[in-house]
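What you see is a predicted model, and the numbers here were worked out from it, not measured in a lab. Quick note on labels: first sequence line is chain A, next is B, and so on, each numbered from 1.
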Amino acid sequence: MTRELSYLRLLEAEAIFVMREVAAELERPVLLFSGGKDSIVLLRLAEKAFRPARFPFPLMHVDTGHNFPEVIEFRDRRVEELGERLIVASVQDSIDAGRVNEETGPGASRNRLQTTTLLDAIAEHRFDAAFGGARRDEERARAKERVFSFRDEHGQWEPKAQRPELWNLYNGRVRPGEHVRVFPISNWTELDVWRYIAAEELEVPSIYFAHRRQVIERDGMLLADSEFVAQRPGEEPFETSVRYRTVGDLAVTGGVRSEAATLPEVVAEIAATRVTERGETRADDRVSEAAMEDRKRVGYF
Amino acid sequence: MNSDGNIDNPLDAPAELLRVATAGSVDDGKSTLIGRLLHDSKAIHDDQLEAVERTSRERGDGRFDLALLTDGLRAEREQGITIDVAYRFFATARRSFILADTPGHVRYTRNMVTGASSADVAVVLIDARNGVLEQSKRHAFLAATLRVPHLVACVNKMDLVDWDQERFEEIAAEFRAFAARLGAPDVAAVPVSALHGDNVVEGSANASWYDGPPLLRLLEDVDLEADRRALGPLRLPVQWVVRPHDDEHHDYRGYAGQLTGGVLRQGDEIEVLPGGARTRVASIDSFDGPVDEAWPPMSVIVRLDDDLDVSRGDSFCHPGTAPRVLSTIDATVCWLDERPARPGARYLVKHTTRTARAELAAIVSRTDVEDLSLLPSPPELALNDIGRVTLQLASPLLVDSYAENRTTGSFILIDEDTNATVGAGMVAEPPPPDDTPHSPNVVWQRGSVGREERWLALGQRGGTVWFTGLPASGKSTIAQALEARLVAAGRSAYVLDGDNLRHGLNGDLGFDAAARAENVRRAGEAARILTDAGTLALVALVSPYAADRDAVRARHAEGHLPFFEVFVDTSLDECENRDPKGLYKRARAGELSGMTGIDDPYEPPANAEMVLVGGRQLEQTLDDLVAALEETGLLPGRT
Ligand SMILES: Nc1nc2c(ncn2[C@@H]2O[C@H](COP(=O)(O)OP(=O)(O)O)[C@@H](O)[C@H]2O)c(=O)[nH]1
């Protein structure tokens, strides 16, 4: 007799295991929830790991203030449905407190500033573990990321000093002030995430489906026309049908031309795409070869 | 990600996941091969290709360098080498692949060990011009040490040796011979040119003499089923206790964990270790509702019939198949830290969901990974060294040998000062049974060949299947038919029949309780020897007393030998009806005393692995038996 698990269920079982390990071995975990598809999957995995009990950790959103209103509305509704606690750490507060300075000029965004807000919030709440929805398929530096990613007291990532991860034995030991970032869906691809959302019939914010929107075309990306995107000379907003592959700071997150309005259509499009998620939709990663590696070193998600 | 529409309906994800680790020495072409694999299986996106083209141009390379697709960290790009393990993902219509790309240099042995620890397949790159070098042997050795079940020698740069068939076969034969010495169970070899794409994803006209599949097909065809069938005994380490503090679930108490061996069913009797308390599984819960059974690697929540004190670090098993509870562990360790390991040093041992303090009591030997020679009692294990050690634990752990279970047989060592993960350990096979001889002058002769080695060479594992039941219940018939079927399928099986044993080994014994106990003990010892030798011992013996049978079971557990008890549950009436030897008749007539079932009790087993009821077709009974033996790992896959 053969007993099988589909590979998605296998990835699911592995992620549930990781979440329970963190709950058991660390004192004050937190789950980073942005309202984006990856963190939506994390919430479902947390339900699978801990229900019928409540999650043994709160949720936290690092809010850039540059939001799609649909996403914030969804975020609050989902938290309410789950009956869990949400902490909002705001980049605006960090700016007001003088912890960071707003970027100016063309291409300005709050993506980089999030790092300080995140680290401040981790310190303030004395979190020693933070779940994130990052995946190894996203980018070359991420491919070397551990599932338990150790951060020193400055929140920094040192690629050469990562702890070896063997079998399913994770070492999450930290000293006060240090923390681990934990990525339960490290081994999932973007397509896996969508397939899982479809299989679990998870709700996602409406911006993931094709909708008509005023956009500006910049460097081959379609940025939402909003108060956060300063128009450059020669740029003319126009309306078209777009869908988003990631949610992030509105100012640097591009949509893709799409007519995919249902989950199966989106999955079909993702399966057929010729461009990576980050390449298509994240202006900030295009800056340099090692952009992501550099940001990660200083404590980015 | 498959983008060619090979998957008709994108919601029909490929069913299987294969974890692959690759190793090769610098310049063998590993990065090129992986780039080729990803590129030709369409896992590379246009923007990634553009980035590689851009970099290739900037560097002034004449051609598009596939290797650039995989070098992730800046230091790696600068030095043009792989340092850390990188994970890649691609899929075909049949399987999804997680590829751990590990560096091959001896300085990064620890990273290869990391990548291989959970791999199903290890791909070892060999440069066709250089042949099987010491480093290729080292890679094969590490894969075998980590017990990666499948090994592939990828003979690259065949274009540079003019696709010389003889050259390939010479390399393949040498590699196979070496792998066989290591006990690697499944070895394949494929001739490729990563640079030109021959035999990577597509076949090659250049190698018309090669009739095997290209590398990707080979990976798609690796037989995971056989690996999966050998689930072994139940292992479920408790990770987390689920206790909702609300009114609706007032009394809910669930034990969450991931199965790492065996099959758990609702209603099963289980033992909670290390305490040993027994209870039954009230339900197996999941977020999607209760399930009837669970198997590895499912993450589940178990509720128990009884209110026991169970917490993280405890473990569930079926009665009689418990792991060893050890305070001293012999293990093979790969050292991962700059600071060497020295005898007397203290570490934390993290094993499944339990962590214990330990002292490194001794370093028994170190393996020279270049030539595989053994150095006894080295003063230390330095970074990347592999050696045999003894650990003295402050509190016991529930372990299997790594050969039996890659999860319950593995651990990591943590340095409490730095919190670094400093060592990776694999629990050694248990020493031969600790027979306490009557004469103090008799000492156990330790053979030079280990049991696992012997079993591997035979291609099968030993085990005892113990048939108990009333006289004439059908034990011998079933055991003999099973023996015939197994032997016909090429397996070694041997029936130890109670009646036959009484003609020789047990010829001096009568039928009183003491003699019966001794009869059972001797049969049990004979079965242990056969089992240790790698045979399936099929014991057909009335063995009426539970205590005697349990003693045999315990002896097997002690020696870490599989024991599978089958209760042939034919009613007394039926047995008496059959009465082939006329024993019942004689007993009823008072000509025979001490007849089991008539004037001597039969104590049916409460925890037999299997109960066979009468009145069924023999073939059907055998099918069920074989299926159950496969399930527990006593038989591998189809017979
Ligand atoms: N002729 C030929 N050259 C190859 C082949 N595979 C790799 N190479 C070359 O060998 C060199 C080393 O390859 P690379 O993939 O960087 O090796 P790695 O160090 O193992 O990752 C590069 O110049 C490749 O172009 C092959 O199949 N045939």
Using the rule given for side chain to side chain contact (heavy atoms under 4.5 Å, CB included), can you reason through Ser286(B) versus Lys48(A), listing the C-alpha separation, both sets of side-chain angles and the distance that settles it, and then say yes or no? CA-CA 7 Å; Ser286(B) 79; Lys48(A) 296 211 175 193; over 6 Å; no

Run the side chain to side chain contact (heavy atoms under 4.5 Å, CB included) test on Met426(B) and Trp167(A) for me, step by step, so that the C-alpha distance in whole Å, both residues' side-chain angles and the decisive distance to 0.1 Å come before the verdict. CA-CA 11 Å; Met426(B) 290 151 279; Trp167(A) 301 288; 3.8 Å; yes

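Contact count versus chain A (heavy atoms, under 4.5 Å) is highest, among Gly425(B), Ala116(B), Gly254(B), Ser118(B), for Gly425(B). Of all the listed residues (Pro52(A), Pro164(A), Ala24(A)), the one sharing the greatest number of non-hydrogen pairs under 4.5 Å with chain B is Pro52(A). Per-residue counts of heavy-atom pairs under 4.5 Å with chain B were compared for Ile16(A), Leu169(A), Asp192(A); the largest is that of Leu169(A). Ranked by heavy-atom pairs shorter than 4.5 Å toward chain A, the options Thr355(B), Val300(B), Val422(B), Thr353(B) are led by Val300(B). Ranked by heavy-atom pairs shorter than 4.5 Å toward chain B, the options Glu12(A), Arg9(A), Arg54(A), Arg44(A) are led by Arg44(A). With chain A as partner, the option from His245(B), Arg312(B), His249(B) having the largest number of non-hydrogen pairs under 4.5 angstrom is Arg312(B). Each of Glu178(A), Glu21(A), Glu165(A), Arg51(A) has some count of heavy-atom pairs under 4.5 Å with chain B, and the biggest count is that of Glu21(A).
No donor-acceptor pair closer than 3.5 Å links the side chain of Lys350(B) to the backbone N or O of Asn171(A). For the pair Ser117(B) (side chain) and Leu166(A) (backbone), a donor-acceptor distance under 3.5 Å is absent. Between the side chain of Asn168(A) and the backbone N or O of Thr407(B) there is no donor-acceptor pair closer than 3.5 Å.
Residue Ile414(B) touches chain A through its side chain alone, counting heavy-atom pairs closer than 4.5 Å. Proximity to chain A (any heavy atom under 4.5 Å) is restricted, for Asp288(B), to the side chain, taken from C-beta onward. Using a 4.5 Å cut-off between heavy atoms, Ala256(B) contacts chain A through both its backbone and its side chain. For Val113(B), the parts lying near chain A are the backbone and the side chain together; criterion is any non-hydrogen pair under 4.5 Å. Residue contact with chain A, scored on non-hydrogen atoms closer than 4.5 Å, involves the backbone of Arg243(B) exclusively. For chain A, the nearby part of Leu348(B) is the side chain; its heavy atoms alone come within less than 4.5 Å. In this structure, chain A has a heavy atom under 4.5 Å from the side chain of Tyr252(B), while its backbone stays farther away. Contacts of Ser311(B) with chain A are absent, with no heavy-atom separation under 4.5 Å from either backbone or side chain. In this structure, chain A has no heavy atom under 4.5 Å from any part of Thr260(B). Residue Glu248(B): no heavy atom, backbone or side chain, is found under 4.5 Å from chain A.
Looking at Arg163(A) and Thr114(B), their side chains never come closer than 4.5 Å, going by heavy atoms from C-beta outward.
Taking the six-membered ring for Trp and the full ring otherwise, the centers of Trp240(B) and Phe50(A) sit less than 6.0 Å from each other.
We find the CD1-CH2 distance between Ile98(B) and Trp188(A) to be 11.0 Å, quoted to the nearest 0.5 Å. Taking CD from Glu47(A) and CZ from Phe287(B), the interatomic distance works out to 4.0 Å, rounded to the nearest 0.5 Å. Distance OH/Tyr7(A) to CG/Leu18(B): 13.5 Å, rounded to 0.5 Å. The OG1 atom of Thr189(A) sits 8.0 Å away from the CZ atom of Phe89(B) when rounded to the nearest 0.5 Å. Distance check, rounded to the nearest 0.5 Å: CG of Leu10(A) to CG of Leu17(B) gives 5.5 Å.
Closest of all the heavy-atom pairs between Pro297(B) and Ala13(A) is O-CB, 3.1 Å. Considering every non-hydrogen atom in both Ala49(A) and Ile301(B), the closest pair reads O-CD1, 4.5 Å.
More than 12 heavy atoms of other residues, nucleotides or ligands sit less than 6.0 Å from atom CG of Asp417(B). Within a 6.0 Å sphere centred on CD of Glu80(A), heavy atoms belonging to other residues, nucleotides or ligands number 12 at most.
Arg175(A) has no carboxylate O lying under 4.0 Å from a charged side-chain N of Glu416(B), or vice versa, which leaves the two without a salt bridge.
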